[in-house]
Student: 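Encoded as structure tokens, here's the structure I'll be asking about.
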Amino acid sequence: MLKPLITICGTTGVGKSKLAIELALHLAKKQFGDQGWRGARVINADSMQVYKGLDVITNKVSQSEMEGVDHLLMGFKDPGEQYVVGEWVEDSLKLINEMHQRKEVPIVVGGTSYWIQHLIFPNRLAKPNEAPPTSDALPWNPQLRDAIQALPDNLLTLFENLPRVPPSAKADPDAAFQLHSLLLLLDPPVGQRWHWKDTRKVLHSLTIIRTARRRASDIIAQQAESSTASQPRFRTLCFWLFAEASYLEPRLDSRVDDMIEKGLLEEIRELRRIADAATQATDSESTSAHNDYTLGIYQAIGYKEFHNFLDNPSDNIFKESVERMKISTRQYAKKQISWIRNKLMPAVKEANAQADTVSLYLLDAAEVDQRWEDRVQKPAIDVTEKLLLGESLPDPRSLSQVARDLLNIPDKSANPLDVLQARKKRQCEICTPQGDRPFMVEEGAEWERHIHSRAHKRLHARVERLGQLGDSNNISSNATGTVTSL
């Protein structure tokens, strides 16, 4: 019998942490079911909130708001450290096992739905420690062996002497690009998935090749064929807090204004100071030398948007920076919703083909001030109690009209290899300053946003004026960008 897990996902600004705390406090009041479940702890599933301090830019819940409920995997990484999905899943599973042994209910909450999905469903991540140890007796995959033998000398030497620590794309872009070029030649599907600046992920994939003597994409494909690949680890309740754009976007804009009042710029200045100090350090054994100050927390919304203002502070640039941050926040919210609808929901549908093991409920968080109790809190508590008591759960579409409208599962593949292919990167030749520094964007909605952006159109017009667009170039369908699939 699968043990219970509650997950809470959704965009920023819909009250995910608030609901997690309310559920935990409710579950502490009494025992539930024959198993005697009582109490809960919260596991953070926000990839930015794992970093120490920086409470404003990451929108961490405050100590007073936690109301004594434990929040785990929050605020324990230094800026510059990378912390990827596989590490988070492993750490979360250890904590969940401990909670289950104490008859506590784990509540996983955060906006990084990608992490939550990999926690719910096993066998979707290729891990070096799951591969057999390298030995002379372990044969190489024949196609992989041929690819290795065809490598140019410099990349063959790199493959035979992979770095122990991923290079910083900012401090050593040549090393980062070489590492990515190596992966593209040995495992194209995975190489196309990662940005060349994601050196941690690129090195991780190359390490799998060295350890398993197989491509990571081949391991993922084999795992996808397994009959257990779509089956969840736990009897999962997934609460999706949703607010329509007309309600959400003004709330997000106000949140940005509040963050600035609470000290956002001071945190951004501190992040830049840490990165600058690390760049200037010459001690190769220092901790900073092992960190990458272009990824992790340095991808948080706000850091890039205020870059120009910190260099050239003025009222006009400040206003532009604020507006860019608001736009980025709204765009990220759309991406979060897209992931849930196009990735998580198909995986849930596949998991429930034989029996209901993952129940996804949309809770209408549009009017969080006026209708929170009857539209979010009470339905969530009611469904949670029914699960723990072993009672039948209500139809997810019965909770609201919004749920009826949105809980139509899209007919998309949940196969991990298909998902890998769907998220590959494309190089924009127009925005690439030099061949070994490609500007890369994920296919689909991100690519469409990019080719319609003012920055891309400005560069495209400049290149056209210079007469540098030849007839052989592959221009996108609306003639706004040149495409190279990596």
Side-chain angles (χ1 to χ4, degrees), residues 8-20 45-49 55-61 65 109-114 239-262 264-265 268 299-306 309 316-345 361-377 399-408 410 441-442 444-455:
I8 303 174
C9 60
T11 67
T12 185
V14 290
K16 297 186 298 294
S17 293
K18 179 181 179 182
L19 177 61
D46 186 302
S47 61
M48 296 295 106
Q49 292 185 5
D55 296 346
V56 176
I57 196 171
T58 62
N59 277 306
K60 286 196 189 87
V61 61
E65 291 169 329
V109 58
T112 311
S113 300
Y114 172 67
F239 292 118
W240 171 18
L241 270 63
F242 174 83
E244 292 180 347
S246 59
Y247 290 96
L248 179 64
E249 292 186 355
R251 199 183 305 164
L252 297 180
D253 289 349
S254 296
R255 172 170 283 200
V256 171
D257 295 333
D258 291 342
M259 291 168 69
I260 293 170
E261 290 184 8
K262 292 177 180 177
L264 173 70
L265 292 180
I268 294 175
Q299 294 177 315
I301 294 174
Y303 184 76
K304 177 179 66 176
E305 285 76 8
F306 278 92
F309 173 74
N316 286 337
I317 295 179
F318 175 77
K319 292 177 182 177
E320 291 175 1
S321 300
V322 172
E323 183 59 27
R324 279 198 299 270
M325 184 172 176
K326 290 179 178 179
I327 292 171
S328 295
T329 303
R330 295 195 294 267
Q331 289 175 340
Y332 180 60
K334 292 176 182 177
K335 284 180 61 177
Q336 289 174 303
I337 294 171
S338 177
W339 179 275
I340 294 171
R341 282 188 55 81
N342 297 318
K343 302 296 192 299
L344 179 58
M345 287 173 62
Y361 286 87
L362 184 150
L363 302 175
D364 186 357
E367 300 175 86
V368 288
D369 296 326
Q370 298 86 1
R371 305 296 300 273
W372 174 266
E373 186 175 339
D374 65 302
R375 290 187 176 179
V376 179
Q377 184 192 73
L399 297 191
S400 67
Q401 183 60 51
V402 176
R404 283 189 288 276
D405 292 340
L406 290 183
L407 290 182
N408 296 313
V441 184
E442 186 172 307
E446 284 192 23
W447 174 259
E448 290 301 317
R449 283 195 296 270
H450 167 67
I451 62 176
H452 289 94
S453 67
R454 283 184 294 177

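Keep in mind that what you see is a predicted model, and the values were worked out from it rather than measured.
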Student: Can you name the residues that form a salt bridge (charged side-chain N to carboxylate O under 4.0 Å, His left out) with D258, not counting sequence neighbours?
Tutor: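 For D258 there are no salt bridge (charged side-chain N to carboxylate O under 4.0 Å, His left out) partners, ignoring immediate neighbours.
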Student: Where do Q331 and K334 land on the side-chain contact (heavy atoms from CB on, under 4.5 Å) test, with the steps shown first?
Tutor: CA-CA 5 Å; Q331 289 175 340; K334 292 176 182 177; 5.6 Å; no
Student: Who pairs with S338 by side chain to side chain contact (heavy atoms under 4.5 Å, CB included), at least two apart in sequence or on another chain?
Tutor: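 With sequence neighbours excluded, S338 shows a side chain to side chain contact (heavy atoms under 4.5 Å, CB included) to N342, given in chain and number order.
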Student: For the pair L362 and L399, evaluate side-chain contact (heavy atoms from CB on, under 4.5 Å) and give the outcome as yes or no after the intermediate values.
Tutor: CA-CA 8 Å; L362 184 150; L399 297 191; over 6 Å; no
Student: For the backbone of N59 and the side chain of Q49, can you confirm whether one donor and one acceptor N or O come within less than 3.5 Å of each other?
Tutor: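 Confirmed, Q49 side chain pairs with N59 backbone.
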Student: Got a second to check how far K343's NZ is from S113's OG, nearest 0.5 Å?
Tutor: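 Here the interatomic distance stands at 11.5 Å.
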Student: Any non-hydrogen side-chain atom of M259 less than 4.5 Å from a side-chain atom of K262?
Tutor: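 M259 does not reach K262 side chain to side chain.
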Student: Going by atom type alone, with no hydrogens or angles, which donor-acceptor pairs under 3.5 Å involve a side-chain atom of residues 248-255 and a protein atom two or more places apart or on another chain?
Tutor:
from, atom 1, to, atom 2, distance (Å)
R251, NH1, G13, O, 2.8
R251, NH1, A365, O, 3.4
R251, NH2, A365, O, 3.4
R251, NH2, A366, O, 2.3
D253, OD1, R330, NH1, 2.7
D253, OD2, R330, NH1, 3.3
S254, OG, P250, O, 3.1
R255, NH1, T12, OG1, 2.7

Student: Kindly indicate whether the side chain of L264, heavy atoms from C-beta on, has any atom under 4.5 Å from the side chain of M325.
Tutor: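 Yes - at least one pair of side-chain heavy atoms lies under 4.5 Å apart.
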Student: Considering residues at least two apart in sequence or located in another chain, which fulfil the side chain to side chain contact (heavy atoms under 4.5 Å, CB included) criterion with E244?
Tutor: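 So E244 forms a side chain to side chain contact (heavy atoms under 4.5 Å, CB included) with F242, S246, Y247, V402.
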Student: A side-chain contact here means heavy atoms from C-beta on lying under 4.5 Å apart; do E442 and K335 qualify?
Tutor: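 No. Closest side-chain heavy atoms not under 4.5 Å.
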Student: What is the distance from atom CD of Q336 to atom SG of C9, rounded to the nearest 0.5 Å?
Tutor: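 Taking CD in Q336 and SG in C9, the distance rounds to 9.5 Å.
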Student: Going by the rule side chain to side chain contact (heavy atoms under 4.5 Å, CB included), which residues pair with Q401 if we only count those two or more places apart in sequence or in a different chain?
Tutor: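 Checked Q401 against side chain to side chain contact (heavy atoms under 4.5 Å, CB included); matches are R404, D405.
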Student: Can you find a heavy atom in the side chain of V322 that is under 4.5 Å from one in the side chain of K326?
Tutor: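 Yes - at least one pair of side-chain heavy atoms lies under 4.5 Å apart.
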Student: Shortest non-hydrogen contact from V109 to S17?
Tutor: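 Closest pair (atom of V109, atom of S17, distance): CG2-N, 4.1 Å.
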Student: Rounded to the nearest 0.5 Å, what separates atom CD in E323 from atom OG in S328?
Tutor: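 Taking CD in E323 and OG in S328, the distance rounds to 10.0 Å.
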Student: Could I get the full list of side chain to side chain contact (heavy atoms under 4.5 Å, CB included) partners for S321, not counting sequence neighbours?
Tutor: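 Side chain to side chain contact (heavy atoms under 4.5 Å, CB included) list for S321, sorted by chain: F306, F309, I317, R324.
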Student: Taking all atoms of both residues into account, what is the closest heavy-atom pair of G111 and K16, and its distance?
Tutor: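 Taking G111 first and K16 second, the nearest heavy atoms are N-CE, 3.7 Å.
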Student: Before you tell me yes or no, could you show the steps for L406 and R341 under side-chain contact (heavy atoms from CB on, under 4.5 Å), namely the whole-Å CA-CA distance, both residues' side-chain angles and the distance that decides it to 0.1 Å?
Tutor: CA-CA 8 Å; L406 290 183; R341 282 188 55 81; 3.9 Å; yes
Student: Over all heavy atoms of both residues, which pair between T11 and A333 is shortest? Give the atoms and the distance, please.
Tutor: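 Here T11 and A333 meet closest at CG2-O, 3.4 Å.
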Student: Using side-chain heavy atoms (C-beta onward) and a distance below 4.5 Å, is L19 in contact with L363?
Tutor: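 The answer is yes; the side chains approach within 4.5 Å.
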Student: If the plane angle is over 60° it's perpendicular, under 30° parallel, otherwise tilted; pick one for Y361 and F239.
Tutor: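 Tilted, since the angle between the ring planes falls between 30° and 60°.
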Student: Which heavy atom of D374 sits nearest to which heavy atom of R371, and what is that distance?
Tutor: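 Scanning both residues, the minimum pair turns out to be OD2-NH2, 2.8 Å.
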Student: Is there a side-chain contact between L407 and M345 in this structure, where contact means two heavy atoms from C-beta onward sitting under 4.5 Å apart?
Tutor: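 A side-chain contact under 4.5 Å exists here.
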Student: How far does CD of E305 sit from CD of E320, to the nearest 0.5 angstrom?
Tutor: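 Going from the CD atom of E305 to the CD atom of E320 covers 13.0 Å.
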Student: Look up atom CD1 in I268 and atom CD1 in I57, then write down how far apart they are to the nearest 0.5 Å.
Tutor: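 Answer for the CD1-CD1 pair, I268 versus I57, is 4.5 Å.
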